[in-house]
Amino acid sequence: MNLQALAHEMMATPALAVVITLAAYMLALSLHQWMRYPSWAPPMLTGSLMLAFFIVILPINYDTYYLDAHWLTLLLGPATVGLAIPLYEQFQHIKRLLIPVTVSLVIGSITACAATLTIAWALGLSPAILASLAPKSITTPIAIGVSEGLGGYPGLTAGIVTVTGILAASTIPPLAAILRCQDPRVIGLALGLNGHGLGTARGFGIDPQTGAFASLAMGLNGALSAIVLPLLAGWLNR
């Protein structure tokens with residue numbers, strides 16, 4: 001079988017979409033390692049850029065790619081649930097701080113969302129854009145579902161979520177150092193609340209306790225936002 005025939009065969013199945021996704025991911029990991037793990041260039045960002053390049057140069061359009069690779073997004077759910085393991089290991093520390101952690105998460109979650117929506121509304125952005133920006137600090141699987149429910153653009157939401165995670169993972173640890181905050185619990189909560197999955201990954205790169213508190217913040221913020229944001233649907237659609 002020649003290369004052209006192989007390409008046509010792969011086009012008839014989800015194989016091409018899966019192959020280029022895995023190739024982009026592996027190349028992004030190698031690039032991240034070669035660059036000595038910079039927080040401003042996580043594999044999720046560089047891999048997405050590589051994947052976009054592959055879609056442009058290969059005989060596959062985005063709609064076809066999305067349909068063929070959509071089932072891969074289902075793996076985000078189990079991956080997120082898997083964070084419960086380190087969370088369980090740090091449960092004794094978390095239990096003692098349940099009230100301050102809950103209060104901090106509620107205030108932080110509301111403030112982050114309200115600030116974003118207020119600025120976007122003041123700039124005159126459309127209701128659909130507001131709906132797309134509202135879940136920016138939630139982990140991707142939840143954010144996309146919330147965005148669709150609010151009438152936003154899931155693709156835009158996914159991009160905003162990625163940018164938010166990169167900024168949070170890149171800026172929170174240096175900011176904590178400037179503020180002389182060395183408490184891994186505080187740093188972890190800030191990373192998970194503002195940076196969702198990317199922030200949580202950054203937290204585990206610091207130490208297990210930071211990662212566990214980041215995982216807690218990410219999960220609770222996602223659950224709280226999934227409940228509260230749909231209540232704002234009427235206001236966003238005005």
Side-chain angles (χ1 to χ4, degrees), residues 39-40 42 44 76-119 133-147 149-150 157-158 160-232:
S39 58
W40 52 268
M44 183 175 180
L76 289 172
T80 302
V81 173
L83 294 173
I85 297 175
L87 193 61
Y88 173 78
E89 294 174 347
Q90 297 292 330
F91 182 71
Q92 293 301 321
H93 299 285
I94 295 171
K95 185 171 64 174
R96 292 196 296 267
L97 299 170
L98 184 59
I99 294 178
V101 164
T102 302
V103 172
S104 299
L105 285 173
V106 171
I107 294 175
S109 179
I110 293 175
T111 302
C113 182
T116 301
L117 292 178
T118 300
I119 294 172
L133 293 175
K136 69 175 182 62
S137 295
I138 315 175
T139 185
T140 303
I142 302 177
I144 291 177
V146 170
S147 177
L150 294 175
T157 298
I160 294 297
V161 167
T162 301
V163 172
T164 301
I166 292 170
L167 290 175
S170 303
T171 59
I172 288 176
L175 182 60
I178 293 173
L179 297 175
R180 298 181 181 179
C181 175
Q182 300 179 346
D183 192 328
R185 300 167 298 181
V186 175
I187 298 173
L189 286 175
L191 284 169
L193 178 61
N194 295 284
H196 44 80
L198 290 175
T200 300
R202 176 66 171 147
F204 281 111
I206 297 173
D207 65 57
Q209 191 174 27
T210 303
F213 274 84
S215 176
L216 173 68
M218 180 184 68
L220 292 182
N221 183 42
L224 177 64
S225 299
I227 295 172
V228 174
L229 286 178
L231 301 178
L232 301 176

Nearest heavy-atom approach of Leu193 to Ser104 is CD2-O, 4.5 Å
Closest heavy-atom pair, Ala226 versus Val146, reported as atoms and distance to 0.1 Å, is CA-CG2, 4.0 Å
d(Ser225 OG, Leu105 CG) to nearest 0.5 Å is 10.0 Å
With sequence neighbours left out, the residues meeting side chain to side chain contact (heavy atoms under 4.5 Å, CB included) with Ile160 are Leu133, Lys136, Leu156, Thr164
Rounded to the nearest 0.5 angstrom, the CD1-CG distance for Ile172 and Leu179 is 11.0 Å
Sorted by chain and number, sequence neighbours left out, side chain to side chain contact (heavy atoms under 4.5 Å, CB included) with Ala176 holds for Cys181, Ile187
In this structure, CG of Leu198 is separated from CE of Met218 (nearest 0.5 Å) by 10.0 Å
Sequence neighbours excluded, the answer for side chain to side chain contact (heavy atoms under 4.5 Å, CB included) partners of Ala143 is Pro135, Ile138, Thr157, Val161
Minimal heavy-atom distance between Gln209 and Pro184, with the atoms involved, is OE1-CG, 3.4 Å
Side chain to side chain contact (heavy atoms under 4.5 Å, CB included) filter on Ala177, not counting sequence neighbours, yields none
Please check if the side chain of Ser215 supplies one atom and the backbone of Gly211 the other of a donor-acceptor pair under 3.5 Å.
no
Tightest non-hydrogen contact, residues Leu189 and Phe213, listed as CD2-O, 3.7 Å
The salt bridge (charged side-chain N to carboxylate O under 4.0 Å, His left out) partners of Asp207 (sequence neighbours excluded) come to none
Do any side-chain atoms of residues 109-116 form donor-acceptor pairs under 3.5 angstrom with protein atoms, and if so which ones, sequence neighbours left out?
residue, atom, partner, partner atom, Å
Ser109, OG, Asn221, OD1, 2.6
Thr111, OG1, Ile107, O, 2.7
Thr116, OG1, Ala112, O, 3.0

In terms of heavy-atom contacts, Pro173 and Ala168 come closest through CD-O, 4.1 Å
When rounded to the nearest 0.5 Å, the distance separating CG of Leu191 from CD1 of Ile206 is 5.5 Å
